[in-house]
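Just so you know, ligand 1 is whichever comes first in the structure, and atom 1 is the first atom listed for that ligand.
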Amino acid sequence: MNKINILAIESSCDETSAAVCSNGTLLSNRIATQAVHAAHGGVVPELASRAHMQNIVPVVDVALKESGLQLADMAAIAFTQAPGLIGSLLVGGQFAKSLALALDKPLIAVNHMQAHVLANLIADEKPSFPFLCLTVSGGHTQIVKCVGPTQMEIVGETIDDAAGEAFDKAAKLLGLPYPGGPLVDKYAREGNPDRFQFPEPKIPGYNFSFSGLKTAILYFLRNAGTAQVYKEEFAATEEERKKFIEENLADICASIQSRIITILLNKLSRAARDLGITNLCIAGGVSANSGLRKAFKEMGTAKGWNTFIPDFQYCTDNAGMIAITGYYKYLENDFAPLDTPSMARGF
Ligand code: KG4
Ligand code: ZN
């Protein structure tokens, strides 16, 4: 029987990526990162679309070459349909549709958030169903209950900022360049996580909130750590604030990161306990965080739960996860018409 080979394209934000999988095993996963945004302190949608236009052909080309397969060997073309920046999504979507039309192959429309969850099915050691996945990215923070590869339900999510945004906004307040998450992670490794106490929000159920933490960090820094976290009169001058950050960067990063991690894992563990689910996964860009990965594993060991984390390269945006999701959708004959739209929102 012919193998089910899927070529997948991801272009939802600022990474142009292409991957090939064969019967659910990844053969290649290439990512072109767009350096252009760093100077702007965040992703500039117009620049992202233009960079996707430049990158998409060479990225697909190298992913195909690395897989050792030809376009003619593909069973289907998968692409990220939603959610994301609409201009970015359109570039990958139109490219995938053109390929599907030219090759006369079926098109598979993949939801980016579902794909982050299914990144956990890339490794040989896969979670069995049902599992809970904490998906933490720059735009989303969700606890997803997964009873089958394509059967997912959101059981909790953020009511304001995403966990990645909390990292990036904290980093910005500390004067670190975008994207700040990986830098907070780096400095936190050298710091004391118990030095500064940031508040844990009291949000009911399995939902999250990070906007209060952002405000607390803002006030804390404006007071150069001298006053209560919530005190609104700002005691420090600009110079004192900068000096305070410079001298305490590692401890501040470690304390912020530690609070974000406890907010995330307390909710996940409560959901796991209440729903009686013992297979737990994490996914999304923030799951690349070394502190979260460690604390998540430790939680699993302490509670006797099975924990799964995608390989580092499959945590942040990548087409490998789109290819794997495309494979499971292919098995269900879940194809999309060539006029299917790209959507900024979804899931
Ligand atoms: O999933 P992703 O690559 O893109 C979205 O779909 O949003 O996630 C990007 C987010 C950014 O906020 C980035 O700062 C964060 O993931 N991130 C990290 C780390 N690596 C990426 N946050 C904390 N620690 C990291 N090591
Ligand atoms: Zn993502």
Side-chain angles (χ1 to χ4, degrees), residues 8-17 19 29 31-34 37-38 41-43 45 48 52 79-86 88-89 92 110-120 133-142 144 157-158 161-174 176-189 191 193 208 210 213-214 253-254 256-261 263-265 281-296 309-322 324-325 344-347:
I9 290 159
E10 151 68 29
S11 69
S12 66
C13 191
D14 60 342
E15 316 273 15
T16 318
S17 182
N29 178 49
I31 303 168
T33 298
Q34 303 178 357
H37 307 288
V43 177
H52 283 306
F79 74 103
T80 304
Q81 179 176 38
L85 300 172
I86 191 65
S88 291
L89 289 165
V110 172
N111 179 288
H112 181 86
M113 298 314 297
Q114 291 190 355
H116 268 306
V117 174
L118 294 192
N120 282 285
C133 182
L134 171 71
T135 316
V136 272
S137 72
H140 293 75
T141 298
Q142 301 175 331
V144 177
E157 60 190 329
T158 184
D161 289 350
E165 262 178 300
F167 270 106
D168 295 339
K169 286 179 178 174
K172 199 169 184 177
L173 292 172
L174 292 168
L176 301 173
Y178 179 87
L183 289 171
V184 173
D185 187 357
K186 184 179 139 204
Y187 291 115
R189 275 176 227 166
F208 302 90
F210 289 101
L213 177 63
K214 183 188 64 192
C253 287
I256 293 171
Q257 177 170 302
S258 159
R259 175 51 78 217
I260 295 175
I261 292 170
I263 293 172
L264 293 171
L265 294 186
C281 303
I282 53 175
V286 180
S287 65
N289 182 270
S290 59
L292 178 61
R293 293 168 88 93
K294 185 163 169 276
F296 176 64
I309 310 177
D311 207 54
F312 203 75
Q313 58 174 318
Y314 306 123
C315 288
T316 47
D317 290 348
N318 68 91
M321 66 187 194
I322 307 299
I324 292 296
T325 310
R345 291 175 193 281
F347 195 63

**Asked** Do any heavy atoms of Cys13 fall under 4.0 Å from ligand 1?
**Response** no
**Message:** Is a donor from one side chain sitting under 3.5 angstrom from an acceptor on the other, for Glu157 and His140?
**Reply:** no
**ligand 1 atoms in contact with Gly138 (distance to a heavy atom under 4.0 Å)** = 5 (C), 7 (O), 8 (O), 9 (C), 10 (C), 12 (O)
**Asked** Is the backbone of Ser12 close enough, under 3.5 Å, to the side chain of His52 for a donor and an acceptor to pair up by distance?
**Response** no
**Message:** Give me the atom names and distance for the closest heavy-atom approach of Lys214 to Asp161.
**Reply:** NZ-OD2, 3.7 Å
**Prompt:** Does one side chain, of Ser290 or Asp185, offer a donor that lies under 3.5 Å from an acceptor on the other?
**Reply:** yes
**Message:** Counting backbone and side-chain atoms alike, is an N, O or S atom of His112 positioned under 2.8 Å from the Zn ion (ligand 2)?
**Reply:** yes
**Fill in**
Near Thr316 (heavy-atom distance under 4.0 Å), the atoms of ligand 1 are 3 (O)
**Request:** Give the residue, atom name and distance (to 0.1 Å) of the protein heavy atom nearest atom 2 (P) of ligand 1.
**Result:** Asp317 OD1, 3.4 Å
**Item:** Residue pair Met113 / Ser137, side-chain heavy-atom distance below 4.5 Å
**Value:** yes
**Item:** Salt bridge flag under 4.0 Å for residues Asp168 and Lys172
**Value:** no
**Message:** When you measure from the heavy atoms of Gln257 to every atom of ligand 1, does any distance fall below 4.0 Å?
**Reply:** no
**Asked** Which residue owns the protein heavy atom closest to atom 11 (C) of ligand 1, what's the atom, and how far is it?
**Response** Asp168 OD2, 3.4 Å
**Item:** Which of the ligand 1 atoms, numbered from 1, are nearer than 4.0 Å to a heavy atom of Asp185
**Value:** 24 (N), 25 (C), 26 (N)
**Item:** Minimal non-hydrogen separation, Asn111 against Gly346, with atom names
**Value:** ND2-C, 3.7 Å
**Item:** Protein residue, atom and distance nearest to atom 20 (N) of ligand 1, heavy-atom basis
**Value:** Gly285 O, 3.4 Å
**Complete:** Near His116 (heavy-atom distance under 4.0 Å), the atoms of ligand 1 are 1 (O), 6 (O)
**Item:** Nearest-contact summary for atom 22 (N) of ligand 1 - protein heavy atom, Å
**Value:** Gly181 CA, 3.5 Å
**Request:** Would you check, one step at a time, whether the test side chain to side chain contact (heavy atoms under 4.5 Å, CB included) holds for Tyr187 with Leu174?
**Result:** CA-CA 11 Å; Tyr187 291 115; Leu174 292 168; over 6 Å; no
**Request:** Classify the angle between the aromatic ring planes of His112 and His116 as parallel (below 30°), tilted (30 to 60°) or perpendicular (above 60°).
**Result:** perpendicular
**Complete:** shortest atom 24 (N) of ligand 1-to-protein heavy-atom contact is with Asn289 ND2, 3.0 Å
**Message:** Determine whether Leu265 and Leu292 satisfy the following criterion, side chain to side chain contact (heavy atoms under 4.5 Å, CB included), listing intermediate values before the conclusion.
**Reply:** CA-CA 9 Å; Leu265 294 186; Leu292 178 61; 4.0 Å; yes
**Request:** Using a strict cut-off of 4.0 Å, indicate which atoms of ligand 1 neighbour a heavy atom of His112.
**Result:** 6 (O)
**Prompt:** Considering only heavy atoms of Gly139, which atoms of ligand 1 have at least one such atom less than 4.0 Å away?
**Reply:** 7 (O)
**Asked** Which of the numbered atoms in ligand 1 are below 4.0 angstrom from a heavy atom of Ala288?
**Response** 20 (N), 26 (N)
**Asked** If we ignore angles and hydrogens, is there a donor and acceptor under 3.5 Å between the side chains of Gln142 and Thr135?
**Response** no
**Prompt:** N/O/S atom of His116 under 2.8 Å from the Zn ion (ligand 2), yes or no?
**Reply:** yes
**Closest Asp317 atom to the Zn ion (ligand 2) [N, O or S only]** = OD1
**Asked** Which atoms of ligand 1 have any heavy atom of Gly164 under 4.0 Å away?
**Response** 12 (O)
